[in-house]
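Written below as C-alpha cells is the structure these notes are about.
Every chain is numbered from 1, with letters handed out A, B, ... down the list of sequences. Predicted model only: the values in this text are computed from it and were never measured.
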Amino acid sequence: MKLHRIYALSLRHLYLIKGSFPRILDLIYWPTIQIILWGFISQFFTMYSDYYNNTIGVILSCAILYDFLFRSSISFNMLFLEEIWSRNFVNLFVAPLKINEVITALTSTALIRTLIGIIPAIILMSPLFGVSLLKMGPPLFLLFLSLYLFGTTLGLLVTSGLLRYGPAFENTAWSSLFLLAPLGCVYYPLSILPEWLQILAKGLPLVYIFEEARSILVNNVVNYNSIMTALTLNLFYFISAIIIFYLSFYGARKKGTLINMGE
Amino acid sequence: MNKVSIEVKNLKKFYNNSQAVKNINFKINKGSIVGLLGPNGCGKTTTIGMMLGLIKPTSGSVFINGQDIDSEKNRTNLLEKMNFISPYVELPKRLTVEENLKVYGRMYGVNNLGEKINDLMEKLNLIEFKKRKTGELSSGQKNRASLAKALINDPEILLLDEPTASLDPDVGDYIRGYIENFASKKGTTIMLASHNMNEVERLCDEVMMMKNGIIIDKGTSKDLISKHGRKNLEETFLKIVRG
C-alpha cells in the first residue's frame, strides 16, 4: 500500500469539495435540517411521552447518531458514483491503484465529508435545543466509531454492487440504509419489535449502538459489553464487505464492466 | 535486453456465449508504434481492456515487459509504466486542469511534479487553462488535458484509443505531431486504435487489421496497401473489412 496513491485519490475528492461552495453547503444542509426537525419532534415527545420524560436529548441524540451513520454510508457511495458520473472511472482503474488503496482512500475521504456535514449540526444542537452529545462522554467516540464502520460497510456493499452490475445499481445506493433503519431500533427500544424481528435485529450492530446510547442518556449507565458486541459485529461485517468488494472487482474484470462503466 | 514490450499469446474473451476476441497473438517491440484497426464491435476495446488488466481474459495472456498483467501482483507495477487515453474517458470536470494533473501525478508517483506539470502544459499549450475547470474547456483543449494526464508518468507503454476522434483537423494534426515527437524522443511503445487512416499511416510502424475478434492481417501500411492492390490504407481497410 502506497500513501501517495491513497493521498492522490483523496485529494481528487477534496479538490472537488474545496472548489464548490454549493457542495459544502449541501453537505451541511441536510444534517442541519434533520437536527432542527428532530429537535422539535423530541421536544414534543418530551412533553407527552412517559418514556422520554425529562430526557429531551434522547431522540435528538439518536437522530444525530443515525444521521452520522447515513452520511458515512452515502459519502462512501457518492465518492464512488462521482467517478462514474464524471466518466473518470477507467482513468482510475488504469492507474497503478491497488484495491486496498481505493478502499482506504474512499473510507478516509468519506469520513472527512461526513464530518463537514455533521459537526455544524452537533454544534447547533446546544444553542437551539440545549442538548450536547458530548455529555455522553468517552463512550460517544466508540459509538461513532461503530456507526462509521457500519456506514462504510454498507458503502462497500453498495459499491460492490455498482462494480458488478454497473450504474443500474445506483438506486440501491440511496435506499440501502432505509431498509435497515427499522431494524436498527434508532428511536425505539428493541422490545417494540415482534420477537422474530428482534432475532434479526440482534444480528445488526445498530441495535446495540442505539440501545446503548439510550441507556447512557436515560439511565446514565454505560454497558461496555454492548459497545464491544457492536464493535465485534461491525468488524465481522466490515471484513466480509471488503472480501465482497474484492470479489466484485474480480467479477467486474471477468464481465468486462470496468471498461464500460458510466456508458 | 528484452526487445519485446508487449506480447499477446492465444488471447480469448467470451462474454456469456459470444466470443469477442478469438485466439489472437502478436508482439510489439519496444519503441514501435502499432495501429489496431477494425470496424466497431470487432474486439479492439476488449483487447485494449485486457492489455490494461481491466478485463480478465477467458484464456491466454498479455505479457508486458515479460510479466503477465493478469496477475494482481504484477498489475500495479506494470500500470506505473503505462498510460491510456480514450475519448470515452474524461478527467473530472469540476477539477481544474492543474488539479487533475496533480492528482494523477501523485497517483503515478511522479517526482518533481510541479515542474513536470508546467513542462507538459507548456508543450501542450495548456498554460492559459491551468486554473480553468476541465469541464469548461473545448473538446480540443480537453483532449490536450487528457493527453497531458496520459504523459504525466512518461509512460514506457501508451495505449491510445481514438486519440483524435471529434477534433478539428488542426488540433488533430497538433496531437499527432506531439505523439510522434514524444514517442521518438522517449522510445515509447504505442498501440493506437483509430478509425483515422491518415493518422495510422502517418504514425504507425505496423498495422494490425481486426475483424470479428480475429487479427486477419498485419504488416506495414505500405505492405498492406500493395498486398491488397489498393491506393491507400483506407481503401485497404475497406477491402479487408468488407471482404
Quiz prompt | Under 4.5 Å from any heavy atom of chain B - which part of Lys255(A) | solution = backbone
Quiz prompt | Residues Lys131(B), Glu98(B); criterion salt bridge (charged side-chain N to carboxylate O under 4.0 Å, His left out); working and verdict | solution = CA-CA 6 Å; Lys131(B) 303 283 178 198; Glu98(B) 187 186 29; 2.6 Å; yes
Quiz item: Can a donor-acceptor pair be found between the side chains of Asn111(B) and Lys116(B) at a distance below 3.5 Å?
Solution: no
Quiz item: Quick one: what part of Asp70(B) sits under 4.5 Å from any heavy atom of chain A, side chain, backbone, both or neither?
Solution: both
Quiz prompt | Top of Ile6(A), Leu9(A), Val94(A) for chain B proximity - count of heavy-atom pairs under 4.5 angstrom | solution = Val94(A)
Quiz item: What's the shortest heavy-atom distance between Leu180(A) and Leu154(A), and which atoms?
Solution: CD1-CD2, 3.6 Å
Quiz item: Centres of the Phe249(A) and Phe93(A) rings: under 6.0 Å?
Solution: yes
Quiz item: Is there a side-chain contact between Thr189(B) and Glu156(B), using heavy atoms and a 4.5 Å cut-off?
Solution: no
Quiz prompt | Residues in residues 100-118 of chain A near chain B [non-hydrogen atoms, under 4.5 Å] | solution = none
Quiz prompt | Heavy-atom pair with the smallest gap, counting every atom of Ile209(A) and Ala230(A) | solution = CG1-CB, 3.8 Å
Quiz prompt | Heavy-atom pair with the smallest gap, counting every atom of Ala20(B) and Thr46(B) | solution = CB-OG1, 4.1 Å
Quiz item: Who among Lys81(B), Met50(B), Lys102(B) has the most heavy-atom pairs with chain A under 4.5 Å?
Solution: Lys102(B)
Exercise. Go through Glu82(A) and Arg94(B) one step at a time and tell me if the salt bridge (charged side-chain N to carboxylate O under 4.0 Å, His left out) criterion holds.
Key: CA-CA 11 Å; Glu82(A) 196 78 55; Arg94(B) 292 189 185 92; 3.6 Å; yes
Exercise. Please state whether the side chain, the backbone, both or neither of Lys133(B) comes within less than 4.5 Å of a heavy atom of chain A.
Key: side chain
Practice problem: Identify the heavy atoms of Pro155(B) and Thr188(B) that sit nearest to each other, and give their distance. | Solution: O-CG2, 3.2 Å
Practice problem: Let me know if Thr45(B) has heavy atoms under 4.5 Å from chain A in its side chain, its backbone, both or neither. | Solution: both
